[in-house]
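Structure first, then comments.
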Amino acid sequence: MEKKPYPICCLGAGYVGVPTMAVICEKNPDIKATVFDVDEKRIAAWKSENLPFYEPDLEDIIKAKRDKSLFFSTDAEKSINEADLIYICVGTPTKTTGIGAGMGTNLTYIESTARMIAKYSKTNKIIVEKSTVPVQTSSYLEKVLKANAQPNVTFEILSNPEFMAEGSAIRDLRKPDRVVIGGKDTESAQKAIEILKKIYCWVDDKQIVTTNLFSSELIKLTANAFLAQRVSSINAIAEVAEVTGANVHEIARGIGLDSRIGPKFLGAGIGFGGSCFQKDLFNLIYLCEWFNLKEVVAYWKQVVIMNDHQRKRFVMKILNKMFNNITSKKISVLGFAFKKDTSDTRESPAIYISDYLIKEGAHLSIYDPKATKETILRDLQALTPNVNLEKQVTVVSNAQDSIKESHAILILTDWDEFKELNLAETYKIMEKPAYIFDGRNVIDQKEARKIGFETYSVGTPLIYNSD
Ligand SMILES: NC(=O)C1=CN([C@@H]2O[C@H](COP(=O)(O)OP(=O)(O)OC[C@H]3O[C@@H](n4cnc5c(N)ncnc54)[C@H](O)[C@@H]3O)[C@@H](O)[C@H]2O)C=CC1
Ligand SMILES: O=C(O)[C@H]1O[C@H](OP(=O)(O)OP(=O)(O)OC[C@H]2O[C@@H](n3ccc(=O)[nH]c3=O)[C@H](O)[C@@H]2O)[C@H](O)[C@@H](O)[C@@H]1O
C-alpha cells in the first residue's frame, strides 16, 4: 500500500518560502507541500513559466516538483486545514509609521497568519516560525492562536530561523551550516522538534542545534548583526587604507587567514544591501531600546551609520574626481541588484547611489543582467516621487549600450560578466577622460590605468586613486 505523504504548508511564497519548500520536496519524497500566498499574482507567476524572481537552480526544482509534491495555492482554508505542519514565511518589514517607525518590526503579516491558522485549523498543528522576528514573537503568536483556536485544537510553536542567502539559496538549503530549532521544554514541544528534525532528513544531526524559543529567535538576529558588522568593519578599514596607502584587499587576506577571524565577509565595497541586514539590525536595536540598553543600542547603530557613510563616500569620490560637475553627463551604471546572482534590488546600495547622482543632474544608463526595468524605475521613483525619471534614467538590456558615450562607469553589483569586460574596447567607446568607479572590486585597476582610464576602487592605495 502506498504511504500517505506528510502534508505541510507554507504561508508566504517569497524568497524564503518557495526555495525552502522546493528543497524540502526535493529531499523528502514523502512530503506534500502547499505554498499559500495572499498575493494572487505571485501565486499565478509560480504556476507559470515566468517565475516571480531569479534564483539559481530554483527553476529546475520547481519544474521537477510542481503539481507532483509541490503545490501553489490561494486557498487559505484548504492549504491550512490539510496540513499537519505549517511554516510561517511572511515578510517582517521595518515599521514605516507610528511609534518605532523606521526601527521596530511590522508584525502585521505575522499576526495575519496566526489569525488565519486559528480560523481554518480543525486539527492540531505544528507551527514553524521561519520569518525573522523580534525575540518573544513566538509568545505573541501563541497568544493569538490560543485566543482564536477552534474547540479542542492545539498548536505547538517552534522557531526555525532561516540562514540562506539570496543567489545561493538552493546551495545553502541543500547544505546548510546548521539548522536551528527552538521549542519549549515540554513533552509535546520535544515531539514536535523530532518531527521537524525528520523534515531536515538530509542534514547531519550534529548540525541541528536545538534551543529554547527565544534563543532561537535571537540567534537569527545575532547572526545577521555579526555578518553586517563584518562588512561595516572592513569598509571602515577601507577608508583608512585609502588615506594611508594600504590596500584593503591585502588586509582582508592578511587577517582572514587567522582562523579566529576567517576569510568570509571581508569584501570591502559600497556597503551591504538586501532586504534583511539593515532591517534585522533595526529589529535588534529597537529591541535593545525597548529594554533601555543604551550602550548596546549605540554599538549596533554604528554598523548602520558606517554603511550609510560608505555609500555617500563613494558618491563623494565620483564628484571629487569629476570636478563636481556631472550635470547632464551620461553615467553608465553597471549592476543594480543588491548582489550578484539575484534579481532582488531591495535596499540595494545602487538605489541610493543612483539617487544621489540623479539629484546632481546626471543621466544614468542602467544595466543589470537580472533586475527588471520596472523594478529599477520603481525603486528610484520611491526615493524621488516628484522627479520625472524619464528625463534622467534609461534602463538598457546590455552593458555595451550603457557604456557607449558615457563619461564614467560605476560598477555597483559584482556580476561575473563585469569581470569579463574588455577594458580596451570599453575605453574606445567612452567620452574622455573616461572614469571607472569600481564599488565591488571587480576590475583590474592596473590594467585599466594602463589603457588610460581614471579609476577609483574602494579601499585601494592612493597610488591608483591619487588624481
Ligand atoms: N530574503 C531572504 O534571503 C531571507 C529572508 N528571511 C526572512 O524571511 C521572511 C520572509 O522574507 P522574504 O521571503 O524575503 O519575503 P517576501 O516579501 O519575498 O515574501 C513574503 C510573502 O508573504 C506574503 N504574505 C503576507 N501576508 C501573508 C499571509 N497572511 N499569508 C500568506 N502569505 C502572506 C506576501 O504576499 C509575500 O509574497 C522575513 O522575515 C525575512 O526577514 C530570512 C532569511 C533569508
Ligand atoms: O536573513 C537574511 O535575509 C539573510 O541575509 C544575508 O543574506 P543576503 O542578504 O541574501 O546576502 P549576503 O550574501 O549576506 O549579502 C548581503 C549584502 O552584503 C554585501 N557584502 C557581503 C559580503 C561582503 O564581504 N561584502 C559585502 O559588501 C553584499 O554585496 C550584499 O549587498 C545572510 O548572509 C543570510 O545568512 C541571511 O539568511
Side-chain angles (χ1 to χ4, degrees), residues 9-20 35-43 45-46 52-53 55 73-74 76 79-80 86-94 105-117 129-134 137 160-169 172-173 176-178 220-221 223-228 230-235 238 248-249 252 256 263-281 283 307 310-311 335 337-342 344-350 412-415 439-441 458-459:
C9 148
C10 170
L11 306 181
Y15 288 86
V16 168
V18 175
T20 306
V35 186
F36 163 80
D37 204 294
V38 287
D39 182 342
E40 292 181 2
K41 269 200 198 145
R42 212 167 198 186
I43 290 296
W46 283 118
F53 54 80
E55 182 63 48
S73 170
T74 50
S79 308
I80 289 170
I86 301 172
Y87 277 90
I88 298 179
C89 295
V90 297
T92 46
T94 306
T105 304
N106 175 355
L107 289 173
T108 310
Y109 308 111
I110 291 282
E111 180 169 332
S112 73
T113 61
R115 290 187 183 277
M116 269 183 348
I117 293 169
E129 175 194 76
K130 190 164 266 305
S131 298
T132 305
V133 290
T137 299
N160 173 221
E162 184 49 61
F163 302 99
M164 55 146 246
E166 286 176 33
S168 56
D172 296 345
L173 286 160
D177 285 348
R178 79 307 205 180
K220 175 63 197 177
L221 297 184
N224 273 2
F226 269 54
L227 290 169
R230 272 174 80 97
V231 176
S232 279
S233 296
I234 200 69
N235 282 335
V248 77
H249 309 298
K264 294 182 182 169
F265 268 73
L266 292 178
I270 45 176
F272 55 79
S275 64
C276 291
F277 276 179
Q278 178 166 294
K279 161 178 88 67
D280 296 346
L281 276 164
N283 182 341
N307 201 50
Q310 193 67 359
R311 296 194 292 238
F338 80 98
K339 60 188 271 197
K340 72 171 180 176
D341 294 338
T342 178
D344 194 353
T345 63
R346 290 180 290 177
E347 288 299 321
S348 177
L412 302 188
T413 311
D414 50 340
W415 285 102
R440 301 288 197 165
N441 187 30
V458 177

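Small disclaimer: the values here were computed from a predicted structure and weren't measured. Counting starts at 1 for both ligands and their atoms, in listed order.
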| query | Where is the nearest protein heavy atom to atom 21 (C) of ligand 2: which residue, which atom, and how far? | reply | Phe265 CE2, 3.6 Å
| query | Any idea which atoms of ligand 1 are less than 4.0 Å away from a heavy-atom of Lys279? | reply | 40 (C), 41 (O)
| query | Quick one: does Lys130 get a heavy atom under 4.0 Å from ligand 1? | reply | no
| said: Among Leu11, Thr113, Ile86, exactly one meets side-chain contact (heavy atoms from CB on, under 4.5 Å) together with Phe36. Which residue is that? | reply: Leu11
| remark: Looking only at protein heavy atoms, what sits closest to atom 43 (C) of ligand 1 is Glu162 O, 3.4 Å
| Minimum heavy-atom separation for Pro19 to Gly14, with atom names? | CD-O, 3.5 Å
| query | So, is Phe338 polar-close to ligand 2, with some N/O to N/O distance under 3.5 Å? | reply | yes
| said: Would Asp280 count as being in polar contact with ligand 1, using the rule that some N or O on each side must be under 3.5 angstrom apart? | reply: no
| Is there any N or O on Thr92 that sits under 3.5 Å from an N or O of ligand 1? | yes
| query | What residue and atom, counting heavy atoms only, is the protein's closest point to atom 7 (O) of ligand 2, and at what distance? | reply | Ala165 CB, 3.4 Å
| remark: Closest heavy-atom pair, Met164 versus Leu173, reported as atoms and distance to 0.1 Å, is SD-CD1, 4.0 Å
| task | Specify the protein heavy atom at minimum distance from atom 35 (O) of ligand 2: its residue, its atom name, and the distance to 0.1 Å. | result | Phe163 O, 2.7 Å
| field | Min N/O separation Thr132 to ligand 2 under 3.5 Å | value | no
| Going through the distances and angles, do Lys220 and Glu129 end up as a salt bridge (Lys or Arg N to Asp or Glu O under 4.0 Å)? | CA-CA 12 Å; Lys220 175 63 197 177; Glu129 175 194 76; over 6 Å; no
| task | Ignoring angles and geometry beyond distance, decide whether Arg42 reaches within less than 3.5 Å of ligand 1 through its nitrogen or oxygen atoms. | result | yes
| request: Measure Cys89 to ligand 1 on non-hydrogen atoms and call it side chain, backbone, both or neither using the 4.0 Å cut-off. | output: backbone
| ligand 2 versus Leu266, non-hydrogen atoms closer than 4.0 Å: side chain, backbone, both, neither? | backbone
| Any luck finding a side-chain donor-acceptor pair between Ser79 and Ser73 under 3.5 Å? | yes
| task | Provide, to 0.1 Å, the distance between atom 32 (N) of ligand 1 and the closest protein heavy atom, together with that atom's residue and name. | result | Gly12 N, 3.5 Å
| field | Val38: numbered ligand 1 atoms lying under 4.0 Å from its heavy atoms | value | 24 (N), 25 (C), 26 (N), 27 (C), 28 (C), 30 (N), 31 (C), 32 (N), 33 (C), 35 (O)
| field | Atoms in ligand 1 flagged as close to Asp39, the criterion being non-hydrogen separation under 4.0 Å | value | 35 (O)
| Which protein non-hydrogen atom lies closest to atom 7 (C) of ligand 1, naming both residue and atom, and how far is it? | Thr132 OG1, 3.5 Å
| message | Evaluate Leu227 for polar contact with ligand 2, using N/O atom pairs at a separation under 3.5 Å. | response | no
| Does the N or O separation between Pro349 and ligand 2 drop below 3.5 Å for any pair? | no
| In the protein, which heavy atom is nearest to atom 29 (N) of ligand 1, and how far is it? | Ser112 OG, 2.9 Å
| task | Using a 4.0 Å heavy-atom threshold (strictly under), name the region of Ser131 that reaches ligand 1: side chain, backbone, both or neither. | result | both
| request: Give a yes/no verdict on whether any heavy atom in Lys220 is under 4.0 Å from an atom of ligand 2. | output: yes
| field | Protein heavy atom at shortest distance from atom 16 (C) of ligand 2 | value | Phe277 CE1, 3.6 Å
| said: When you compare ligand 1 with Glu166, is there at least one nitrogen or oxygen pair between them that comes in under 3.5 angstrom? | reply: yes
| task | Might you point out which heavy atoms bring Glu162 and Thr20 nearest each other, and give the distance in Å? | result | OE1-OG1, 4.1 Å
| task | Give yes or no for whether the N/O distance cutoff of 3.5 Å, strictly under, is met between Ala165 and ligand 1. | result | no
| Considering only heavy atoms, does Phe163 approach ligand 1 within less than 4.0 Å through its side chain, its backbone, both, or neither? | neither
| message | How long is the straight-line distance from OG of Ser168 back to CG of Asp341, given to the nearest 0.5 Å? | response | 8.5 Å
| What are the atoms of ligand 2, with element, lying closer than 4.0 Å to any heavy atom of Cys276? | 1 (O), 2 (C), 3 (O)
| request: Give the minimum heavy-atom separation between Ile110 and Thr92, together with the two atoms involved. | output: CG1-CG2, 3.7 Å
| said: To check you understand the geometry: which heavy-atom pair defines the closest contact between Gln310 and Gly271, and what is its length? | reply: CG-N, 4.0 Å
| query | To which protein heavy atom is atom 34 (C) of ligand 1 closest, and what is the distance rounded to 0.1 Å? | reply | Asp37 OD1, 3.5 Å
| Which of the atoms in ligand 1, numbered in the order shown and given with their element, are less than 4.0 Å from a heavy-atom of Tyr109? | 25 (C), 26 (N)
| Does an N or O anywhere in Arg346 fall below 3.5 Å from an N or O of ligand 1? | yes
| task | Return the orientation label for the Phe53 and Tyr15 ring planes: parallel under 30°, perpendicular over 60°, tilted otherwise. | result | parallel
| remark: For Ala13, the side-chain contact (heavy atoms from CB on, under 4.5 Å) test, sequence neighbours excluded, returns Val18, Val35, Asp37, Ile43, Trp46
| field | Under 4.0 Å to a heavy atom of Tyr15 - the qualifying atoms of ligand 1, by number | value | 1 (N), 12 (P), 13 (O), 14 (O), 18 (O)
| query | Between Arg440, Met164, Gln310, Lys339, which one has a non-hydrogen atom sitting closest to atom 11 (O) of ligand 2? | reply | Lys339
| said: I'd like to check which ligand 2 atoms, numbered from 1 as shown, lie under 4.0 Å from a non-hydrogen atom of Gly273. | reply: 16 (C), 17 (C), 30 (C), 31 (O)
| remark: The closest protein heavy-atom partner of atom 20 (N) of ligand 2 is Val231 CG2, 4.0 Å
| note | Residue, atom and distance of the protein heavy atom nearest atom 11 (O) of ligand 1 read Val16 CG2, 4.1 Å
| note | the protein heavy atom lying closest to atom 18 (O) of ligand 2 turns out to be Phe272 CB, 3.3 Å
| remark: With sequence neighbours left out, the residues meeting side-chain contact (heavy atoms from CB on, under 4.5 Å) with Cys276 are Asn224, Lys279, Asp280
| request: Indicate yes or no for a side-chain donor-acceptor contact from Ser131 to the backbone of Val90 under 3.5 Å, with no hydrogens or angles considered. | output: yes
| Near Lys220, which atoms of ligand 1 are under 4.0 Å from a heavy atom of that residue? | 43 (C)
| task | Starting at NZ of Lys130, measure out to CG of Asn160 and round the result to the nearest 0.5 Å. | result | 3.5 Å
| Do any nitrogen or oxygen atoms of Glu166 lie less than 3.5 angstrom from nitrogen or oxygen atoms of ligand 2? | yes
| task | Identify the heavy atoms of Ala337 and Arg440 that sit nearest to each other, and give their distance. | result | O-NH2, 4.5 Å
| task | Examine Gly267 against ligand 2 and note whether any of their N/O atoms are separated by less than 3.5 Å. | result | yes
| said: Would you say that more than 12 heavy atoms from the other residues, nucleotides or ligands in this model lie under 6.0 Å from the CZ of Phe163, or not? | reply: yes
| How many angstroms lie between atom CG of Leu107 and atom OG of Ser112, to the nearest 0.5 angstrom? | 10.5 Å
| task | Could you see which bit of Glu40 sits under 4.0 Å from ligand 1, with heavy atoms only: side chain, backbone, both or neither? | result | neither
| task | Go through ligand 2 atom by atom and flag the ones less than 4.0 Å from a non-hydrogen atom of Glu162. | result | 37 (O)
